[in-house]
Structure formats: C-alpha cells, structure tokens
**Student:** 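Quick one: structure below, then a few questions.
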Number of protein chains: 2
Amino acid sequence: MEASPLNEIDDRRTIGFLLSDVARMMRAAFDRRVRRLGLTRSQWLVLSLLHRRPGVSQSELAEMLEVERAAAGRMVDRLERRHWLVRRPDRLDRRINRLYLTAEAEAVQAEMGCIAVELLDDAMAGLSGEEREALSEMLERVKAQLQGMAPRPAAPAPAPRPDLAP
Amino acid sequence: MEASPLNEIDDRRTIGFLLSDVARMMRAAFDRRVRRLGLTRSQWLVLSLLHRRPGVSQSELAEMLEVERAAAGRMVDRLERRHWLVRRPDRLDRRINRLYLTAEAEAVQAEMGCIAVELLDDAMAGLSGEEREALSEMLERVKAQLQGMAPRPAAPAPAPRPDLAP
DNA sequence: GGGCAATGGTAGCCTAGGCAACAAGAAGCC
DNA sequence: GGCTTCTTGTTGCCTAGGCTACCATTGCCC
C-alpha cells in the first residue's frame, strides 16, 4: 500500500469508487435497455421476486430486497399504480398486504430476465469463468463483512434461516 | 423447501445483485459513520475532489464524478446552501461557475478521508492484499466494458439530422 | 379480561441521480 | 456585421432509497 502513487488521484481506482461506479453503470445500462418496457431494474427485481413467491407481504419483500419497509412500500405504490401488481389483504391479519403480480407483469417478467442475463454477460465479457467465480466469491465475503458492520436492529441471530415455508 | 436445487437464477448470489448490494451497503455504512459531520459520502467525494482541484467548473465536476451535469449542479446547490463551497463566475466566460471550498470544508475534508480509508479497510478485512488487488483489477475491467456499452455522446448518433443546411 | 410491546404499513422530509427542455452565452462561418 | 451551432448551467419531472414518526393491529403476559 505504500507503493501507491499517492501524489495524485488514486481515487477513482480505489475499490470503493470502483464498486459504486460499476454498480451505478450496470443499473443505468439495464434501465436503458428496458425503458421501452416501462420498467426499471429495481422494479423488475420486485417482479421477478413476486413471480417466484407470490403472496409475500410488503415487509417480507423489503427484507428480501434488503431495503427499508418504506422504500418497499413506495415501490409497491408505483407498481400498483401502473397495474403491475395488486395488494390484497390477508384474511387473518388485517395489517398485512399480500402482493400478487398481474397477468401482464407475469408476461413481461420473463423477458426482463433474459435482458438481465444478456446485460450481465456483456458486462462480464472481459472476465473468464474462473474470474467471475472468484469475483462473486470475493464480493460475497465483502458483503458478509458489511452485514456484520451494519446496525443490527435486534437479535444478532447467527443462523436464522431455517425454513420460511408456512 | 428453500430453493437449493433450483435451476432458477441464483438470484441474490448473482454478480449483478452482489455488486449493487455491496455498493449500497458501503455507501450506507459510510453515511452512517459521517452523518454527525453533516455530510454524505457523495458530498465528501465532491469536497475531496475540489480540495485537489480548486476552481473546476460544474461541467468538469460532473465529468469527474461521472454524473449528469444536472445532478452535479444540484449537488453544488446543496453544498453551497450549507456553506461548504462557493460558486464564483469565470472572468472570461460568463457561462462558467468556478467552484471553491470554504475554510470549514477544507478542514473537514481530511477527516472524512480518514474515515473513508478506515471503512474500506473494515469492509475489505476478509480479503488478502492480493485479493484486493485482483478485485479492483477485475472491477476496472468490468467498468471499462460498461463504458464501452454506454451511449457514447459522439459517434452512435444515427444521424437523426437529415441535413438541414440549405 | 386489560395493558403493553412488537409488527406491518404509511407519510413526511431528505439526498441522489436520470432524462428532457430550455436560456444565456460563446464560437464558428458565411 | 449576422446566423447557426455548441457549451454551460438550470429547472421540472421522474425513480430510488434512508430515516423518523406515526397509526393500526396483533400478541404476549399478567
């Protein structure tokens, strides 16, 4: 690290900036490719999630997206306003909204998935298979580290992911 | 029946999601650590840039941040409103605003730099030096690839101007 | 039963960024 | 000179997300 030519900007080369740059550029590229469908990357993420788990609640959605409940709620607002999904009250617990895709959303969802895969392939074109493997493995480690640094809301439950099927 | 043998896309493990997750978490962690100073990560980025290049124009700033001019302009608005920087008109070109840090900003800038380095160190704690090197090298390659895919302002124009010169 | 804590969802305010349209100014070209 | 074109910056509208405070409902515990 002492070897870094610190005199000027090593800055933008720093992993932190690189990470945020790459993430932003990927989101932008995705949004650009799918704008004609009237959706964004984040919205597609919700759709694809709901496709595989119809009926989740907003809180569950938020947790799966790793996002605040408020943000998830607003996302649902936007998607509902455009008829990509519907909220339906839970029978037993009147606090809960259960979320279901509309037919059109189901139709579009798959197409978006293809686009996502294509984009990822394009973006990773410069990396070999092994490198991609290594990259995602390292990113997972970094993510785990960051999760450990996050402000744990309550219980630091170590392995609370047994089975969520009711 | 939490999908383990699921042929569906690995979802959250996919490099794309990992990237955006990690980037978001790093930004969040940074913001959390420096909120007491009244700044965010993005704002600090501007400050540190202006520290080393006082007098840049907004367009130059936008370019260095790799962000739209509008976004940069609003960032400058916020920072000016809180007296972290000042706009000063260029003598020769009345379109241009030149940007300069205030004294307080200069003072804070360094401290934030330390926090950034600390955070990065924490986040990367699980990676060896070589791995960090490899990671940033790969990210740079991905970024270059994405830049190549971006809508180049110059060339790709399909000549939407059917020659209006008489 | 009744009270209190936890949970689910919403609304308000904030930063951050994209895209598009525009005004003012500067530059280039007759 | 004047006309056209490019640049710089701003504004408006949009998504996206964080944080806080708040309401309604549920559950828990006594």
Side-chain angles (χ1 to χ4, degrees), chain A residues 20-21 23-32 34-36 38-46 56-63 65-82 84 87-99 150-151 153-155, chain B residues 20-21 23-25 27-32 34-35 38-46 56-63 65-82 84 87-99 150-151 153-154 161 163-166:
Chain A
S20 87
D21 288 350
R24 183 167 38 73
M25 291 168 75
M26 280 195 47
R27 182 180 57 69
F30 189 96
D31 287 354
R32 224 180 299 125
V34 301
R35 198 166 44 187
R36 61 184 174 83
L39 283 170
T40 68
R41 173 194 150 278
S42 294
Q43 292 174 355
W44 163 70
L45 224 167
V46 174
V56 295
S57 71
Q58 293 188 199
S59 287
E60 289 165 342
L61 178 68
E63 192 178 355
L65 294 176
E66 295 177 359
V67 144
E68 293 280 316
R69 279 204 311 270
R74 272 185 281 258
M75 187 75 70
V76 171
D77 285 343
R78 287 186 285 266
L79 288 170
E80 188 177 40
R81 196 186 319 143
R82 304 195 182 169
W84 295 108
R87 288 171 158 111
R88 289 203 285 181
D90 187 288
R91 293 272 164 140
L92 305 178
D93 188 334
R94 300 212 310 256
R95 293 170 300 182
I96 295 180
N97 290 334
R98 303 227 160 260
L99 306 174
Chain B
S20 86
D21 287 351
R24 183 168 37 77
M25 291 169 76
R27 183 179 56 68
F30 190 96
D31 287 354
R32 226 180 297 125
V34 302
R35 199 166 41 186
L39 284 169
T40 67
R41 172 194 152 279
S42 293
Q43 292 174 353
W44 163 71
L45 223 169
V46 175
V56 296
S57 72
Q58 292 188 199
S59 286
E60 289 165 342
L61 178 68
E63 192 177 356
L65 294 176
E66 296 178 359
V67 143
E68 293 279 317
R69 280 204 311 271
R74 271 186 277 258
M75 186 73 71
V76 171
D77 285 343
R78 286 187 285 267
L79 288 169
E80 189 177 41
R81 196 186 320 144
R82 305 197 181 168
W84 294 109
R87 288 171 157 111
R88 288 204 286 181
D90 188 288
R91 293 271 165 138
L92 305 177
D93 188 335
R94 299 212 311 255
R95 293 171 299 183
I96 296 180
N97 290 335
R98 303 227 160 260
L99 306 174
R161 224 179 357 139
D163 191 352
L164 45 86

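Below, chain A is the first sequence line, B the second, and so on; all start at residue 1.
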**Student:** Answer with base, sugar-phosphate or nothing: what part of the nucleic acid does D77(A) contact at a heavy-atom distance below 4.0 Å?
**Tutor:**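 Counting heavy atoms under 4.0 Å across all strands, no contact is made by D77(A).
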**Student:** On the nucleotide dT15(D), are OP1 or OP2 found under 4.0 Å from the side-chain N or O atoms that R82(A) carries?
**Tutor:** yes
**Student:** Does R35(B) have any salt bridge (Lys or Arg N to Asp or Glu O under 4.0 Å) partners at least two apart in sequence or in another chain, and if so, which?
**Tutor:**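 Once residues adjacent in sequence are excluded, R35(B) has no partner under the salt bridge (Lys or Arg N to Asp or Glu O under 4.0 Å) criterion.
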**Student:** Please classify the nucleic acid contact of R41(A) as base, sugar-phosphate, or nothing, using heavy-atom distances under 4.0 Å.
**Tutor:** nothing
**Student:** Run the side-chain donor-acceptor check on residues 67-78 of chain B: report pairs under 3.5 Å with partners two or more places apart or on a different chain.
**Tutor:**
| unit_1 | atom_1 | unit_2 | atom_2 | d |
| --- | --- | --- | --- | --- |
| D77(B) | OD1 | R87(B) | NH1 | 3.1 |
| D77(B) | OD1 | R87(B) | NH2 | 2.9 |

**Student:** What is the distance, to the nearest angstrom, from the CG atom on L45(B) to the C1' atom on dT15(C)?
**Tutor:** 14 Å
**Student:** Measuring to OP1 and OP2 of dT10(C), would you say a side-chain N or O of Q58(A) lies under 4.0 angstrom away?
**Tutor:** yes
**Student:** Report the distance from atom CG of L45(B) to atom CG of L39(B), rounding to the nearest 0.5 Å.
**Tutor:** 11.5 Å
**Student:** Shortest non-hydrogen contact from D90(B) to L92(B)?
**Tutor:**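 The answer is OD1-N, 2.7 Å.
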**Student:** Does a distance-only test, which skips hydrogens and angles, find a donor-acceptor pair under 3.5 Å between the side chain of R74(B) and the base of dG12(D)?
**Tutor:** yes
**Student:** Can you check each nucleotide of nucleotides 20-27 of chain D against protein heavy atoms at under 4.0 Å and return B for base, S for sugar-phosphate only, - for none, in 5' to 3' order?
**Tutor:** ----BBS-
**Student:** Reckon R98(B) touches a base, only the sugar-phosphate, or nothing at all at heavy-atom distances under 4.0 Å?
**Tutor:** nothing
**Student:** How many whole angstroms separate atom CG of L65(B) from atom P of dG18(C)?
**Tutor:** 10 Å
**Student:** Which pair of heavy atoms, one from S20(B) and one from A23(A), lies closest together, and at what distance?
**Tutor:**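 Looks like CA-CB, 4.0 Å.
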**Student:** Distance check needed: dT10(C) P versus R87(A) CZ, whole Å only.
**Tutor:** 4 Å
**Student:** Write down the distance between CD1 (I96(A)) and P (dT7(C)), rounded to a whole number of angstrom.
**Tutor:**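 Distance check: I96(A) CD1 to dT7(C) P gives 12 Å.
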**Student:** Tell me which of M75(A) and N97(B) sits closer to the 5' end of DNA chain D, going by the nucleotide each one is nearest to.
**Tutor:**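 Upstream on the strand: N97(B).
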**Student:** Whole angstrom is fine here: how far is it from CG in L39(A) over to P in dC14(D)?
**Tutor:**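 Rounded to whole Å, this separation is 17 Å.
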**Student:** Rounded to the Å, how far apart are L99(A) CG and dG9(C) C1'?
**Tutor:**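 Checked: the CG to C1' distance equals 11 Å.
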**Student:** When rounded to the nearest 0.5 angstrom, what is the spacing between CZ in R32(B) and CZ in R27(B)?
**Tutor:** 10.5 Å
**Student:** Tell me: CG of L79(A) to C1' of dC14(D), nearest whole Å?
**Tutor:** 14 Å
**Student:** Please report the distance, rounded to the nearest Å, between CZ in R32(B) and P in dG17(D).
**Tutor:** 16 Å
**Student:** Taking all non-hydrogen atoms of both residues into account, name the closest pair between S57(B) and I96(B) and its distance.
**Tutor:** CB-CG2, 3.7 Å
**Student:** For the side chain of S42(B), starting at C-beta, report the closest nucleotide among dG17(D), dG17(C), dT15(D).
**Tutor:** dG17(C)
**Student:** For a quick test of reading the model: is some side-chain N or O of S59(B) closer than 4.0 Å to OP1 or OP2 of dG9(D)?
**Tutor:**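 S59(B) to dG9(D) OP1/OP2: side-chain N or O found under 4.0 Å.
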**Student:** Please state whether the phosphate of dC14(D), meaning OP1 or OP2, lies under 4.0 angstrom from any side-chain nitrogen or oxygen of R81(A).
**Tutor:**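 Indeed not, no polar side-chain atom of R81(A) lies that close.
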**Student:** For N97(A) and Q58(A), which heavy atoms make the closest approach, and how far apart are they?
**Tutor:** ND2-OE1, 3.1 Å
